[in-house]
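Working notes for the structure below.
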There are 2 protein chains.
Amino acid sequence: MSKAPEAIGAAPATSTAITGRGVQSVDRALGILEVLARIGEAGVTEIAAELGVHKSTAFRPVATLEAHRLVEQTVDRGRYRLGVGILRLAGATTARLDLVQEARPICRKLASDTGETVNVAVLSESSALYLDRVAGSSALQPHNWVGQHIPLHATSNGKVLLSGLDDARLDRVLGKLATYTPRTITKRGPLRAELERVREQGYAVAVDELEVGLTAVAAPIRNVHGDVVASMSVSGPSFRLTPERFDEVVTLVTEAAIEVSHRLGWGHR
Amino acid sequence: MSKAPEAIGAAPATSTAITGRGVQSVDRALGILEVLARIGEAGVTEIAAELGVHKSTAFRPVATLEAHRLVEQTVDRGRYRLGVGILRLAGATTARLDLVQEARPICRKLASDTGETVNVAVLSESSALYLDRVAGSSALQPHNWVGQHIPLHATSNGKVLLSGLDDARLDRVLGKLATYTPRTITKRGPLRAELERVREQGYAVAVDELEVGLTAVAAPIRNVHGDVVASMSVSGPSFRLTPERFDEVVTLVTEAAIEVSHRLGWGHR
DNA sequence: AGACTGCGTTTCGTCGAGCGCAACGGAATG
DNA sequence: CATTCCGTTGCGCTCGACGAAACGCAGTCT
């Protein structure tokens, strides 16, 4: 796109260009950061080739990025990689990013789409701690559990949170598996099998396990490292959340959880 | 400056910006990121004032940054803040840092063995910069500290990092010793004594010095030359990390730190 | 209700900043 | 010792970034 003296008169054709793309050289500099994020370590020549520009065109933005500590040179051979300045910026970012705040609008939509109650929970002191709740449209609603500690092995949220732990931590977190209903999982073996299933399919279900007549479906919320940091669930009376509706609800709740995860920096794009 | 005839002699009001040489517009764009990191949330006009440039000169870099998700608009009022793109870059950064890469599995094991949170920090610009964090099993996570600046004199990690400096560098790094709790060390003399103790025993402890109720134990990570390049800590509530547990925790954290040091090439005979 | 103020955003003409080129210095490699 | 490949730098030309001003919109004052 160096020189294109073509078609000045063709106004409508150029409408495909995204309006207000911004500053070209900044765009390139950010492209450099993304290249380094993808490749990990690269020389100026390599970066230039990746962007399709001249060496010097790549070098000077890199020098500027280096002055701001966003990239740094490796000792061996003048190669570049992302620097600690990025981490400093990330610190300021996470300070502003609150899980509840980011999740809330998505919870609202999920509650609206399903008509059921949506909960967000994190792991805390050997139990699930409910951080937020958005009530569904129906009059018949579960209790408000915000701020309460809920058993891990008898809820969909709990299962999702447990599925993110390794065996050692699982053992420490799990105490006695209390019985709440005849369908509560009270043996370690079956619970481990259930958690493995949760990991595989990416969501958890609990039907009449904490309370007879109560059904819930939950999916994991992940941070930038991919760790499970929270869980989002849709819950309602079992006569409304029937197995026939599971497919639909599972899709909605997993998509919502993925969306929140993206807002926390997980995944690409 | 279009008009302004012969204004060459006039001193340009470049304000306090850290001018990195190279590409001007990139420099400004990165300045915008730093402004947002400092202020947290700002409008275009505010950013422009901060940089000492015209509104539109600030707006377009912002638009470019937004296109790369490095900044995002808040719903209310078109204000801007740092975006999730920063987090993705940060994830890529830590993934490529040798130290984090080598330390992570050991951190996981340490977190699992102690049940507490493990942090890895390096010295950066007169403060401790947290590179990685593995949450303990009782994941009561008030904030994610990764990327944050932490005072050096009031934390176990900070003391370890300071203990690796000679007197000249110590003076350069230490500013005013802020008071956070009644137990914070705020005088140079006692701090030097404390650092000497850290050097002798090979670990540092901080009880209620940064925050009442917060206790941490840290040990040094060394590179090939034996220099202290990072610090690894175990931290948790003071009621769980009692003095009776210090012996056990100190052993675990020092062994873990030594293991990481070995992986970085330290101590091979 | 109407004028006003302040915001983010857009347009436009000008000019200097950033681009491509080519040359430089240094370090591996044969 | 010649060669090759790298990051880095000086230079002239050109295009892209800048500043000024106008615009649409919201909230606010009178």
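Here is the naming used below: chain letters follow the sequence lines, and residue numbers restart at 1 for every chain.
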Which part of the nucleic acid, if any, lies within reach of A:T45 when heavy atoms closer than 4.0 Å are counted: base, sugar-phosphate only, or nothing? sugar-phosphate

Checking A:E41 against A:R79 for the salt bridge (charged side-chain N to carboxylate O under 4.0 Å, His left out) test, could you report, in this order, the C-alpha distance in whole Å, the side-chain angles of both residues, the deciding distance, and whether it holds? CA-CA 7 Å; A:E41 206 179 279; A:R79 292 164 68 82; 3.4 Å; yes

Output yes when a side-chain donor or acceptor of A:T64 lies under 3.5 Å from a complementary backbone atom of B:V23, and no otherwise. yes

For A:E66 and D:dT9, what is the distance between atoms CD and P respectively, to the nearest whole Å? 11 Å

Provide, to the nearest angstrom, the distance between the CD atom belonging to B:E46 and the P atom belonging to C:dC7. 9 Å

For A:K55 and C:dC24, give me the distance from atom NZ to atom C1', rounded to whole Å. 11 Å

Considering just the side-chain nitrogens and oxygens of B:Y80, establish if one lies under 4.0 Å of OP1 or OP2 belonging to C:dT9. yes

In sequence, state the C-alpha distance, the side-chain angles, and the governing distance for A:R38 and A:E34, and then conclude on salt bridge (charged side-chain N to carboxylate O under 4.0 Å, His left out). CA-CA 6 Å; A:R38 196 170 65 245; A:E34 284 162 10; over 6 Å; no

Tell me: CZ of A:R79 to C1' of C:dA27, nearest whole Å? 15 Å

Rounding to a whole Å, what distance do you find between B:L51:CG and D:dA17:C1'? 15 Å

Please give, in whole Å, the distance from D:dA17 P to B:D27 CG? 15 Å

Between B:H54 and A:V26, just flag the one whose closest nucleotide in DNA chain D comes earlier from the 5' side. A:V26

Atom CG of A:L65 and atom C1' of D:dG7 are separated, to the nearest Å, by 16 Å

Could you check how far CZ of B:F59 sits from C1' of C:dG6, rounded to whole Å? 16 Å

Hey, is the side chain of A:R28 poking within less than 4.0 Å of OP1 or OP2 on C:dG18, counting only N and O atoms? no

Name the residue from B:V100, B:L99, B:T94 that meets the side chain to side chain contact (heavy atoms under 4.5 Å, CB included) definition with B:D132. B:V100

Tell me if the CZ atom of B:R222 is crowded by more than 12 foreign heavy atoms within 6.0 Å. yes

Give the nucleotide from the list C:dC19, D:dA20, D:dT8 with an atom nearest to the side chain of B:S56. D:dA20

Within the structure, does a side-chain N or O atom of B:R60 lie under 4.0 Å from either OP1 or OP2 of C:dT9? no

Ignoring hydrogens and angles, does a donor from either the side chain of B:S25 or the base of D:dC18 sit under 3.5 Å from an acceptor on the other? no

Would you indicate, yes or no, if C:dC19 has its OP1 or OP2 atom less than 4.0 angstrom from a side-chain nitrogen or oxygen of B:Q24? no

